[in-house]
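Read the structure below first, then the notes.
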Amino acid sequence: MWDVNAVSAAVLKVLKTYRLSEADAKDICQEAWLELLRVPGALRDEAKLGAWLTTTARRRALRMITRNRRETPRPLPGAETTPEAEVVRAERDRALWAAVDRLPDSHRRLVRLLAHRPELSYAQIAGELGISPASVGRLRRRCLDRLRRALEKGGWA
């Protein structure tokens with residue numbers, strides 16, 4: 001028989017690379033187990049349970065990421081949507097991207113990846129930047145600190 005906890009832990013470890021929330025990862029893992037129960041004969045070889053669940057969970061994770069990426073956030077009720085607020089937001093965005101353009105190349109590339117491709121894992125970001133995955137967190141921190149200081153210097157708190 002299967003060690004359900006060990007198999008689930010392995011699946012959750014794989015899902016962690018998709019940068020999902022812990023709750024979403026657990027939901028996807030549970031859905032993979034439910035699919036196994038719902039589809040008789042889905043698993044032809046019991047020795048491959050972990051691989052089957054992992055593949056099923058990965059597919060569900062990708063669907064969730066794709067679905068979430070398509071959702072367009074709406075302003076919260078009562079949020080400012082006045083013309084003045086829009087002008088301030090647009091000015092703030094221009095200042096932000098102007099500050100990003102003044103960053104060193106590796107920092108600029110990292111910010112653009114984080115902003116435009118949030119689904120990427122640290123390993124994927126490292127591959128895009130040509131650095132070690134262990135360096136991504138430190139580079140991200142240095143980059144965001146430098147960006148924050150530049151914005152503060154420009155009067156943006």
Side-chain angles (χ1 to χ4, degrees), residues 5-36 50-157:
N5 291 331
V7 174
S8 292
V11 171
L12 288 170
K13 186 175 179 180
V14 170
L15 290 174
K16 193 176 207 177
T17 65
Y18 288 86
R19 294 172 51 181
L20 300 167
S21 70
E22 185 177 347
D24 285 342
K26 286 181 178 180
D27 284 348
I28 289 171
C29 183
Q30 185 176 30
E31 288 170 14
W33 278 102
L34 287 173
E35 186 161 332
L36 177 66
W52 188 92
L53 284 171
T54 300
T55 300
T56 302
R58 282 181 182 185
R59 289 177 182 156
R60 287 183 175 276
L62 290 172
R63 277 195 300 265
M64 176 182 279
I65 290 166
T66 302
R67 185 178 59 240
N68 289 347
R69 193 178 323 140
R70 288 186 199 147
E71 291 178 5
T72 305
R74 294 190 182 119
L76 295 173
E80 285 189 72
T81 56
T82 63
E84 294 84 3
E86 288 298 314
V87 168
V88 170
R89 185 193 56 75
E91 189 175 324
R92 182 202 62 211
D93 290 353
R94 274 193 298 279
L96 170 68
W97 290 110
V100 168
D101 287 339
R102 291 189 300 272
L103 292 173
D105 182 56
S106 61
H107 291 191
R108 191 172 48 249
R109 289 173 52 212
L110 175 61
V111 169
R112 292 191 188 286
L113 285 172
L114 293 171
H116 300 296
R117 297 180 63 198
E119 75 280 0
L120 293 179
S121 67
Y122 271 24
Q124 292 167 320
I125 290 171
E128 292 279 334
L129 298 176
I131 62 174
S132 160
S135 301
V136 173
R138 289 190 305 274
L139 178 64
R140 179 179 174 270
R141 172 58 28 220
R142 284 194 308 270
C143 171
L144 294 177
D145 284 345
R146 180 177 265 175
L147 185 57
R148 180 184 41 77
R149 286 192 306 271
L151 290 170
E152 287 173 349
K153 190 175 180 181
W156 294 92

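Computed over heavy atoms, backbone and side chain alike; hydrogens, waters and symmetry mates excluded. The shown structure was predicted, so the numbers you read here are calculated from the model rather than taken from an experiment.
- At a threshold of 4.5 Å between non-hydrogen side-chain atoms, the residues Arg146 and Pro104 count as touching.
- More than 12 heavy atoms of other residues, nucleotides or ligands sit less than 6.0 Å from atom CD of Glu152.
- The OG atom of Ser106 lies 7.5 Å from the CZ atom of Arg109; values are rounded to the nearest 0.5 Å.
- The shortest distance between side-chain heavy atoms of Ile131 and Ile125 does not fall below 4.5 Å.
- Contact of the Tyr18 side chain with the Leu120 side chain is not registered, since no non-hydrogen atoms from C-beta on lie closer than 4.5 Å.
- Residues Leu147 and Ala99 come closest through the heavy atom pair CD1-CB, 3.6 Å.
- Arg141 contributes atom CZ, which lies 11.5 Å from atom CG of Leu139 (distance to the nearest 0.5 angstrom).
- A distance-only check finds no donor-acceptor pair linking the side chain of Ser8 to the backbone of Asn5 [under 3.5 Å].
- Comment: Arg142 does not engage Asp145 in a salt bridge, judged by the lack of any side-chain N to carboxylate O separation of less than 4.0 angstrom.
- How far CG of Asp105 is from CG of Leu129: 9.0 Å, rounded to the nearest 0.5 Å.
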Point to revise | Steps toward side-chain contact (heavy atoms from CB on, under 4.5 Å) verdict (Glu128, Arg117) | key: CA-CA 11 Å; Glu128 292 279 334; Arg117 297 180 63 198; 3.5 Å; yes
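- Salt bridge present: Arg89 and Glu86 bring a charged side-chain N and a carboxylate O closer than 4.0 Å.
- For the pair Ser132 and Ala126, the tightest heavy-atom approach, listed with the atom from each and the gap, is C-CB, 3.8 Å.
- Counting non-hydrogen atoms of other residues, nucleotides and ligands closer than 6.0 Å to CZ of Arg59 gives a total of 12 or fewer.
- Between atom CG of residue Leu110 and atom CG of residue Leu103 there is a gap of 9.5 Å, rounded to the nearest 0.5 Å.
- Under the 4.5 Å side-chain criterion, counting only non-hydrogen atoms from C-beta, Ile28 is not in contact with Leu12.
- Between Arg19 and Glu119, every side-chain heavy-atom pair lies at or beyond the 4.5 Å cut-off.
- Heavy-atom contacts from other residues, nucleotides or ligands closer than 6.0 Å to CZ of Arg140 number 12 or fewer.
- Taking the side chain as every heavy atom from C-beta outward, Trp156 and Glu91 approach each other to under 4.5 Å.
- Side-chain atoms of Arg58 do not come within 3.5 Å of backbone N or O of Val11 as any donor-acceptor pair.
- Within the 4.5 Å cutoff, side-chain heavy atoms of Val7 are placed close to those of Trp33.
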Exercise for review: Could you walk me through whether Lys16 and Glu22 pass the salt bridge (charged side-chain N to carboxylate O under 4.0 Å, His left out) test, one step at a time?
Suggested key: CA-CA 8 Å; Lys16 193 176 207 177; Glu22 185 177 347; over 6 Å; no
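- Contact between Ala57 and Leu15 at its shortest, heavy atoms only, is O-CD2, 3.7 Å.
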Point to revise | Worked check of side chain to side chain donor-acceptor pair (under 3.5 Å) between Asp24 and Ser21 | key: CA-CA 5 Å; Asp24 285 342; Ser21 70; 3.3 Å; yes
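- In this structure, Glu35 pairs ionically with Arg60, as a charged nitrogen and a carboxylate oxygen lie closer than 4.0 Å.
- Across all their heavy atoms, Ala134 and Arg138 have their closest contact at O-NH1, 3.3 Å.
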